[in-house]
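Worth knowing before you read on, the calculation uses all heavy atoms, side chains too, and leaves out hydrogens, waters and symmetry mates. Start at 1 and go down the list; that is how both ligands and their atoms are numbered.
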Amino acid sequence: MTLKLQGKVALITGSGRGIGRAIALKLAGEGARVVVNDLDDAPAQDVVQAIRDAGGQAVACVGNVGAPDFAARFVATATGHFDGLDIIVNNAGYTWDNVIQKMSDEQWQAMLDVHLTAPFRILRAAQPVIRALSKADSEAGRRVVRKVVNVSSVAGLFGNAGQANYAAAKAGIVGMTQTLAKEWGRMAVTVNCVAFGLIKTRLTGNVADGATEKIDGRDIKVGVNPDLMAAMERGIPLGRGGSPEEAAGAVYLLCIPESDYVSGQTLMCSGGLTGI
Ligand SMILES: NC(=O)c1ccc[n+]([C@@H]2O[C@H](COP(=O)([O-])OP(=O)(O)OC[C@H]3O[C@@H](n4cnc5c(N)ncnc54)[C@H](O)[C@@H]3O)[C@@H](O)[C@H]2O)c1
């Protein structure tokens, strides 16, 4: 049986944990060779090892997607190690909430940096590589469709109290997706978004557990109030939050050949939730 993504080279940011990890394992399970990125070395290496143990190929490119030199290094890892670039998933991110009157400039900017500027830089760095690959494909008479999947959120589509920074960035990535679908169609690249609702990961764990993540030297609290979480789950037509594997399934749909004529779209993966 031929695997759906046999030999494709996939770059996935924030794939040491949560949804990104599930995407990396899913794409690798379908034959993709994966460049795993995370801010933290240990979870990134763990995913690389899990893929290799299952007979797949993966390499880590550890670092903050917000660093100015990251995009070039990420793209070079794919071309240097696997000699290709077929799928880019811009998934890395976190939240840093507050109501607008208490939101600092730093808090605002941090969300734009990770959710919008980092994907912009990665896609800008990938463009010359994709253009050259696409030209070589046309000259050889090969039809190859490449894929970009950007991760948004229902907060970016409908807003969410306490998340002006995050929602603005996640709305921005929808606009960038629609624009690149128009710019990159001629290179046979589809560019789409997946907007997640409530997916059960560290990001949406119990805030009372006190988990934090260190980003740019700041300790950012992760998690959500469990009462708020329960109320949100009651509002979901399917009656529950999604798993990282279910979230990865939506990204996978936009990476396989069956979606080769779908571009510029935002797919909601939210258990039927159509607003918050
Ligand atoms: N979980 C949800 O309910 C939900 C809903 C909507 C959107 N999302 C989006 O999905 C994406 C993944 O979130 P998740 O729930 O899997 O979170 P998670 O915290 O479980 O995993 C995110 C991973 O990204 C990494 N990361 C964070 N900032 C990074 C950076 N600057 N550079 C490199 N790596 C970085 C983290 O270390 C972590 O391993 C995010 O973009 C998030 O905004 C999640």
Side-chain angles (χ1 to χ4, degrees), residues 11-25 35-47 60-71 73-74 89-97 109-119 121-122 149-160 163 165-174 193-205 207 209 211-224 228-229 232-233 236 240-248 250-251 266-271 273 276:
L11 294 82
I12 308 163
T13 64
S15 45
R17 296 186 186 83
I19 297 169
R21 178 181 204 275
I23 296 168
L25 297 177
V35 181
V36 174
N37 155 261
D38 207 277
L39 198 54
D40 303 317
D41 186 49
Q45 300 299 349
D46 182 67
V47 172
C61 179
V62 175
N64 186 342
V65 293
D69 64 343
F70 176 77
R73 195 160 60 81
F74 195 36
V89 183
N90 279 306
N91 163 80
Y94 62 100
T95 50
W96 193 7
D97 299 353
Q109 194 58 49
M111 290 295 97
L112 294 189
D113 288 348
V114 69
H115 294 286
L116 197 51
T117 306
R121 288 190 182 138
I122 289 167
V149 184
N150 293 318
V151 170
S152 184
S153 163
V154 292
L157 305 183
F158 306 110
N160 193 26
Q163 294 193 315
N165 52 357
Y166 178 75
K170 290 299 201 190
I173 195 78
V174 173
C193 242
V194 175
F196 294 121
L198 175 60
I199 307 297
K200 294 191 163 183
T201 65
R202 182 180 69 157
L203 196 74
T204 50
V207 72
D209 293 346
T212 57
E213 63 183 311
K214 201 164 208 69
I215 299 180
D216 284 337
R218 312 173 186 111
D219 285 314
I220 309 277
K221 234 197 294 181
V222 290
V224 178
L228 180 65
M229 185 62 71
M232 280 170 72
E233 286 197 81
I236 297 171
R240 60 178 179 83
S243 68
E245 289 72 26
E246 288 171 315
V251 172
T266 297
L267 172 65
M268 283 181 64
C269 174
S270 62
L273 187 74
I276 47 178

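Within the 4.0 Å heavy-atom shell around ligand 1 one does not find Ala247. Within the 4.0 Å heavy-atom shell around ligand 1 one does not find Ala118. Residue His115 places a heavy atom less than 4.0 Å from ligand 1. Ligand 1 lies within reach of Tyr166, whose nearest heavy atom is under 4.0 Å from it. Residue contact check for ligand 1: Asn64 places a non-hydrogen atom closer than 4.0 Å to it. Contact analysis puts Lys170 in contact with ligand 1, with a non-hydrogen atom separation below 4.0 angstrom. The closest approach between a heavy atom of Ala155 and any atom of ligand 1 is not below 4.0 Å.
Protein heavy atom nearest atom 15 (O) of ligand 1, with residue, atom name and distance: Thr201 OG1, 2.6 Å. Of the protein's non-hydrogen atoms, Gly14 O, 3.5 Å is the one closest to atom 23 (C) of ligand 1. Nearest protein heavy-atom neighbour of atom 13 (O) of ligand 1: Leu203 CD2, 4.0 Å. Of the protein's non-hydrogen atoms, the one nearest atom 9 (C) of ligand 1 is Val151 CG1, 3.7 Å.
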**Item:** Step-by-step side chain to side chain contact (heavy atoms under 4.5 Å, CB included) determination, Phe74 to Cys61
**Value:** CA-CA 6 Å; Phe74 195 36; Cys61 179; 4.0 Å; yes
**Request:** Check the pair Leu198, Thr204 against side chain to side chain contact (heavy atoms under 4.5 Å, CB included), reporting the backbone distance first and the verdict last.
**Result:** CA-CA 8 Å; Leu198 175 60; Thr204 50; 3.7 Å; yes
**Message:** With side chain to side chain contact (heavy atoms under 4.5 Å, CB included) as the criterion, how do Val174 and Leu157 come out once you've worked through the C-alpha distance, each side chain's angles and the decisive distance to 0.1 Å?
**Reply:** CA-CA 9 Å; Val174 173; Leu157 305 183; 3.9 Å; yes
**Check against side chain to side chain contact (heavy atoms under 4.5 Å, CB included), Phe70 and Asn37** = CA-CA 10 Å; Phe70 176 77; Asn37 155 261; 3.3 Å; yes
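Which of Val154, Asp216, Asn91 comes nearest to atom 12 (C) of ligand 1 through a heavy atom is settled by distance: it is Asn91. Among Gly20, Gly18, Gly93, the residue whose heavy atom lies closest to atom 22 (C) of ligand 1 is Gly93.
When all heavy atoms of Thr266 and Ala195 are compared, the pair lying nearest together is CG2-CB, 3.9 Å. When all heavy atoms are compared, the tightest approach of Val224 to Leu203 is CG2-O, 3.9 Å. Here the closest non-hydrogen pair linking Cys193 and Ser152 is SG-CB, 4.0 Å. Of all heavy-atom pairs between Ser15 and Ala24, the closest is CB-CB, 4.1 Å.
At under 3.5 Å, a nitrogen or oxygen of Val65, whether backbone or side chain, sits near a nitrogen or oxygen of ligand 1. Taking only nitrogen or oxygen atoms, main chain and side chain alike, Ile199 reaches within less than 3.5 Å of ligand 1. Considering both main-chain and side-chain atoms, Leu198 never comes within under 3.5 Å of ligand 1 through any nitrogen or oxygen pair. The shortest N or O to N or O distance between Ser153 and ligand 1 is not under 3.5 Å. For the pair Gly66 and ligand 1, the shortest N or O to N or O distance does not fall below 3.5 Å. Residue-to-ligand polar distances place Asp38 within reach of ligand 1: an N/O pair is separated by less than 3.5 Å.
Aromatic ring orientation, Tyr166 versus His115: perpendicular (interplanar angle above 60°, classes split at 30° and 60°).
A salt bridge is absent between Lys200 and Glu246: the closest approach of a Lys/Arg side-chain nitrogen to an acidic carboxylate oxygen does not fall below 4.0 angstrom.
Close contacts of ligand 1 with Ile19, meaning ligand atoms under 4.0 Å from a residue heavy atom, involve 10 (O), 15 (O), 16 (O), 44 (C). Those atoms of ligand 1 that come under 4.0 Å of a heavy atom in Tyr94, given as number and element, are 28 (N). Taking a cut-off of under 4.0 Å to the non-hydrogen atoms of Val114, the atoms of ligand 1 that pass are 31 (N). Under a 4.0 Å criterion applied to the non-hydrogen atoms of Asn37, ligand 1 contributes the atoms 33 (C), 34 (N). Atoms of ligand 1 lying under 4.0 Å from at least one heavy atom of Thr204, given by number and element, are 1 (N), 2 (C), 3 (O). Taking every heavy atom of Gly197 and a limit of under 4.0 angstrom, the matching atoms of ligand 1 come to 2 (C), 3 (O), 4 (C), 5 (C), 6 (C). Atoms of ligand 1 lying under 4.0 Å from at least one heavy atom of Gly63, given by number and element, are 32 (N), 33 (C).
Taking the side chain as every heavy atom from C-beta outward, Phe196 and Cys269 approach each other to under 4.5 Å. Val151 places none of its side-chain heavy atoms less than 4.5 Å from the side chain of Ile19. Side-chain contact between Arg21 and Asp46: present, with at least one pair of heavy atoms (C-beta onward) separated by less than 4.5 Å.
Contact annotation for Leu39 and ligand 1: heavy atoms of both the backbone and the side chain come within less than 4.0 Å of the ligand. Heavy atoms of Asp40 found under 4.0 angstrom from ligand 1 belong exclusively to the side chain. Of the heavy atoms in Phe196, both backbone and side-chain atoms come closer than 4.0 Å to ligand 1.
For the atom pair CD1 (Ile215) and CG (Asp113), the distance works out to 11.0 Å, reported to the nearest 0.5 Å. To the nearest 0.5 Å, the span separating CG on Asp97 from CG on Asn165 amounts to 6.5 Å. Note: Asn64 CG to Leu39 CG = 5.0 Å, rounded to the nearest 0.5 Å.
The salt bridge (charged side-chain N to carboxylate O under 4.0 Å, His left out) with Glu213 is formed by just one residue from the set Lys221, Arg202, Arg17, Arg218; it is Arg202.
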